[in-house]
Every structure is written in C-alpha cells, then in structure tokens.
Amino acid sequence: QVQLVESGGGLVQPGGSLRLSCLASRIIFSIDVMGWYRQAPGKERELVAEITTRGVTNYADSAKGRFTISTDNAKKTVYLQMNSLKPEDTAVYYCKVRDLYDAYWGQGTQVTVSS
C-alpha cells in the first residue's frame, strides 16, 4: 500500500499562484503515471494534469499555459504549480499515482480562488 499526502492548498485571490505537493510514502518502482485531478461540489472529478515516467505531460485545456506538473528525480513527489488562478479553479485537488498494478489516491487538498 502506498499513501499519498497532498499539501499546499489554501485560499488565494484571482491571479495568484499556489504550488501543490504530493509525497508518496515510498518509492514506487513500477510507476508509469502521476497526476492531479480536481473535483468541485456537484461536479465529476476531472483530470487537471498528468506526467508519465518519461516526462511526457498532458493538461486539461483549462489548465494549459497556467499550470505545470513536475516530479522529483526519485518520482516520490509530484508538484502542480498553478499560476494565474481563476475562481473556476476552486475545487478539491487530488493526487493520483498509477503503477503497473494499482492506482493510488491522496486525500485531497482544498484550493479556493476568491476575492
């Protein structure tokens, strides 16, 4: 079992920035994808950004150009740098890690963009 712990969420004004971090409890040797999802109240959980073990990234159209996903060299931590935040970005953000056998989810961290 792998535990994922997110941090970095909070309240920010429109146009502001946040960096989310997700720390895995251990190195996942068979990892293939790490990503960030978000879910707003009353809406389905959606992919925000993901990165493969080769470093190939994929972003939701709403995040492209504003958000950047990255990992450390050991693939133990995944980050989401969020710039130019909008009220529409308000949601609970979840870290997800997938290896050859399982998918693991963090508990979520709240991001609120409001004046």
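This structure is a prediction, so every number in the text was calculated from the model and none was measured.
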So do Ile31 and Arg98 actually touch side chain to side chain, heavy atoms under 4.5 Å? no
Scan side-chain atoms only and decide if Gln110 and Thr112 contain a donor-acceptor pair under the 3.5 Å cut-off. yes
Assigning hydrophobic clusters by single linkage (Ile, Leu, Val, Met, Phe, Trp, Tyr; side-chain heavy-atom cutoff under 4.5 Å), is Leu23 placed with Val33? no
Between Ser17 and Asn83, is any side-chain donor less than 3.5 angstrom from a side-chain acceptor? yes
Less than 4.5 Å apart, any side-chain heavy atom of Ile69 and any of Val78? yes
Does any part of the side chain of Thr57, heavy atoms only, come nearer than 4.5 Å to the side chain of Glu50, both counted from C-beta? no
Evaluate the criterion side chain to side chain contact (heavy atoms under 4.5 Å, CB included) for residue pair Leu18 and Val111; output intermediate values, then yes/no. CA-CA 9 Å; Leu18 287 173; Val111 172; 3.9 Å; yes
Within the structure provided, determine whether Asp89 and Val48 are in side-chain contact (heavy-atom separation under 4.5 Å). no
Going from CG on Leu80 to OH on Tyr59, what distance comes out if it is rounded to the nearest 0.5 angstrom? 7.5 Å
Hey, could you give me the CD/CG distance between Gln81 and Leu20, rounded to the nearest 0.5 Å? 9.0 Å
Any side-chain heavy-atom pair of Arg19 and Tyr79 under 4.5 Å: yes
Do Thr52 side-chain atoms and Val56 backbone N/O form a donor-acceptor pair below 3.5 Å? yes
Is the closest side-chain heavy-atom distance between Leu85 and Phe67 below 4.5 Å? yes
Closest heavy-atom pair and its distance - Trp36, Cys22: CZ2-CB, 3.6 Å
Evaluate side chain to side chain contact (heavy atoms under 4.5 Å, CB included) for Ser114 paired with Leu11, printing each intermediate quantity in order. CA-CA 7 Å; Ser114 176; Leu11 175 64; 4.3 Å; yes
Look up atom OG in Ser25 and atom NZ in Lys76, then write down how far apart they are to the nearest 0.5 Å. 7.5 Å
With the side chain counted from C-beta on, respond yes when Cys95 and Tyr104 share a heavy-atom pair under 4.5 Å apart, and no when they do not. no
Mind checking whether Leu47 and Val92 sit in one hydrophobic cluster, side chains of I, L, V, M, F, W, Y counted as touching below 4.5 Å? yes
Distance-minimising heavy-atom pair for Ala91 and Ala40: CB-N, 3.9 Å
Are the side chains of Arg38 and Tyr94 in contact, using a 4.5 Å heavy-atom criterion? no
Whether over 12 other heavy atoms sit under 6.0 Å from Arg26 CZ: yes
By ring pair (Phe, Tyr, Trp, His ring centres under 6.0 Å), which residues pair with Tyr37, not counting sequence neighbours? Trp105
Derivation of the side chain to side chain contact (heavy atoms under 4.5 Å, CB included) call for Thr71 and Thr77: CA-CA 6 Å; Thr71 65; Thr77 307; over 6 Å; no
Pair Gln107-Glu6, side-chain donor/acceptor within less than 3.5 Å: yes
